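Every value quoted in this text rests on a predicted model; they were computed, and no experiment measured them. Counting starts at 1 for both ligands and their atoms, following the listed order. For this chain, numbers begin at 1 and follow the sequence in order.
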Amino acid sequence: MADNLTAKILKAHLLSGKLRKGEEIAIRIDQTLTQDATGTMAYLQFEALGMDQVRTELSVSYVDHNTLQGSFENADDHRYLQSVAARYGIYFSRPGNGICHQVHLERFGVPGKTLLGSDSHTPTGGGLGMLAIGAGGLDVAVAMAGGPFYLNMPEVLRVNLVGELPPWTGAKDIILELLRRLTVKGGVGRIIEYGGPGVKELTVPERATITNMGAELGATTSIFPSDEVTRRFLQSQGRRESWIELQADPGASYDGDITIELDKLEPLAACPHSPDAVRPIREIDSIPVDQVVIGSCTNSSFEDLRLVAEILDGKTVHPRVSLAIAPGSRQVLLMLARSGALEKLIAAGARILESACGPCIGMGQAPPSGGVSLRTFNRNFRGRCGTADASVYLAGPEAAAASALYGRITDPRELGEFPELPPAPSPIIDDRMIISPPADGSGVEIIRGPNIKPLPLNSPPPDKLTMTVLLKTGDNITTDQIMPAGTKILPLRSNIPAMSEYVFAPLDESFARRAREAGSGIVVGGENYGQGSSREHAALAPMYLGIKAVLAKSFARIHHTNLVNFGIIPLVFESPTDYDRLQQDDILEIDRLQEQLERGGVTIANRTQGYTFKARHELSQRQVRIIMAGGLLMEVRGQK
Ligand code: MIC
Ligand code: SF4
């Protein structure tokens, strides 16, 4: 049978289930990655699993999100992470070494392998031909312990790239075009496989920009073939032995396909406040810009930043613009320095930031009040940048550089002739900031600071569940709205009691108080509830506040699993009119919970308004058991 790329990798890793659309399958995970903002919780959970060592081929712990260190919390977390890595056989990428996805691509990714990461942009590895999936920390902890990763077999959508990109367009415009066509829900339940003659025109970092932002489509993952371009990339990283060729079989079938004619693309931008609000830049090019930020795991490769340096060479950033640049990795920064590009950036007035996530997750560089910021990032959700009333636009590095010079959103074609770039120098390979674990870590002491609080556990739900509707939200609620990040809240990631005070704060500051008063709550959502980040804190902290269920029109994949993992029941409206009728403060009741969940749906009584309605669920029997145990850790403990 002719297999597509996805099927090839899944077959080689399949532990249970059949590769039939929608069926639950379990796969073996070869590699894991964590970052510090989700990693502390993931390792606390790994510790709770009671293993001696990780059981994966490779596990890496990165520190890239919380590097601001405004107080002791972040540094305490770093110390914990470093010691826990040494104890259990995990590589530790030190703060300053770069953004997890960029560094993993450079130093560890291997075509054909599976990678599970506690970050939604883990699919960046798909640029190398890996099957790289984002998940909650608990799922990653289980994978580190050698356990399977469960997912519903997605559809496989082929994106056929034909032709060549015109000058001044780039990989970002390809993924923005896809977001324009498919929206932030368009990838839900899908793996996106790229193919066609246009693939060979794209470098690995360009492919990685595209697979990275497949997360914004809601896709399970995105993947490119592993070809000659991949071989050259790995060779330049001194990792030729990691290369294998990996292509879809000729004539392989797909559940759908889309063609993008690269020649027809033009520079695009995502407008506030969603990555799918895409427009041609020429239509918005009179908007004045206060800030330009270049970096993030989407667009921070050497190639991206070198192009920016060429555009800025000999010029000065516009007086109204603050330009900040965060190189994706220490390797990128070293190469910028050696090639002279760094000097051009500094001379033009760029503010050079550490190699880390930084402004992307609201850790510094918040724009001014009501300001406009143009960023090469992947998310522009309202308030994520740290300024509630700022407008954030997303575009490629070419447009970012042009806008920094002109002080308004600028179509890079205005810059005239595309600069002649010399061939990229070979990467500087220096892994001294990656600490290998000792052969035997059993004697390593794990260091915990006062910010690292014990992991809260849920308890099994009662058979008759009574809950207050604490909040009714609209469509596309992001995990940034459920459990925000930023300088104030992100440092609390390993302290759930403190963090839970901010649950839903961007939507309703009284939420945490009302949840505590109600004791047992339910949240009502629209379509694509929980899109965005993989942060399990968006389930864990509501759980801590007594949220028992979320009733929505549909869910984003990672958040759905996170809810289950912490024993919160994700329910789906059978009829949209039931969504309309529900009001905040209604008291809802579900009787004979277990029996009803096992049968596939529940009848809910609205005690306040006096009617009943039906909801279904998308849980496997395994997930129903997890919920009835009070969450995955409770279930695993029960089995011991
Ligand atoms: C993000 O981009 O929102 C993050 C911060 O990288 C998250 C992870 C987190 O919340 O720690 C993600 O994308 O999963
Ligand atoms: Fe970091 Fe931003 Fe990438 Fe998330 S999206 S991993 S915060 S750079």
Around R382, counting heavy atoms of other residues, nucleotides and ligands shown, do more than 12 lie under 6.0 Å from its CZ?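 For R382, atom CZ is not crowded (no more than 12 foreign heavy atoms under 6.0 Å).
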Shortest protein contact, atom 3 (Fe) of ligand 2 (heavy atom only):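 The closest heavy atom on the protein side is C297 SG, 2.2 Å.
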Any idea which protein heavy atom is nearest atom 1 (Fe) of ligand 2, and the distance to it?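 Result: C357 SG, 2.3 Å.
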Quick check: does C360 have an N/O/S atom under 2.8 Å of atom 1 (Fe) of ligand 2?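 For C360, the answer is no, given that no N, O or S atom comes within less than 2.8 Å of atom 1 (Fe) of ligand 2.
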I need the atoms of ligand 1 closer than 4.0 Å to a non-hydrogen atom of [X], numbered in the order shown.
X    : value
A37  : 11 (O)
T38  : 9 (C), 11 (O)
D119 : 4 (C), 6 (O), 7 (C), 8 (C), 12 (C), 13 (O), 14 (O)
H65  : 4 (C), 5 (C), 6 (O)
R493 : 9 (C), 10 (O), 11 (O)

Closest by any non-hydrogen atom to [atom]: pick that one out of [options].
atom                    : options               : result
atom 4 (Fe) of ligand 2 : Q35, H65, R535        : H65
atom 2 (O) of ligand 1  : R384, E536, H121, M41 : R384
atom 13 (O) of ligand 1 : S120, S534, G137      : S120

We want to know whether N66 and H78 form a side-chain donor-acceptor pair, criterion being a heavy-atom distance below 3.5 angstrom.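 No - no donor-acceptor pair under 3.5 Å links their side chains.
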Just verifying a value: how many Å separate I409 CD1 and Y393 OH, rounded to the nearest 0.5 Å?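 Those atoms lie 5.0 Å apart.
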Can you tell which part of N378 has a heavy atom less than 4.0 Å from ligand 2: side chain, backbone, both or neither?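 Side chain only; the backbone of N378 stays clear of ligand 2.
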D119 and ligand 2 - part of the residue with a heavy-atom distance under 4.0 Å: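 It is the side chain that gets close, since no backbone atom is under 4.0 Å.
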Can the ring centres of F108 and Y91 be said to be less than 6.0 Å apart?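 Between F108 and Y91, the centre distance is under 6.0 Å.
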How about Y88 and F46: are their ring centroids closer than 6.0 Å?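 Centroid distance Y88-F46: below 6.0 Å, so yes.
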Which atom names give the shortest non-hydrogen contact between A541 and M483, and what distance separates them?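 Closest heavy-atom pair between A541 and M483: CB-SD, 3.6 Å.
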R379 touching ligand 2 at heavy-atom level, < 4.0 angstrom: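 No; R379 lies far enough from ligand 2 that no heavy-atom distance drops under 4.0 Å.
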Does even one non-hydrogen atom of R379 get within less than 4.0 Å of ligand 1?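 Flag set, R379 near ligand 1.
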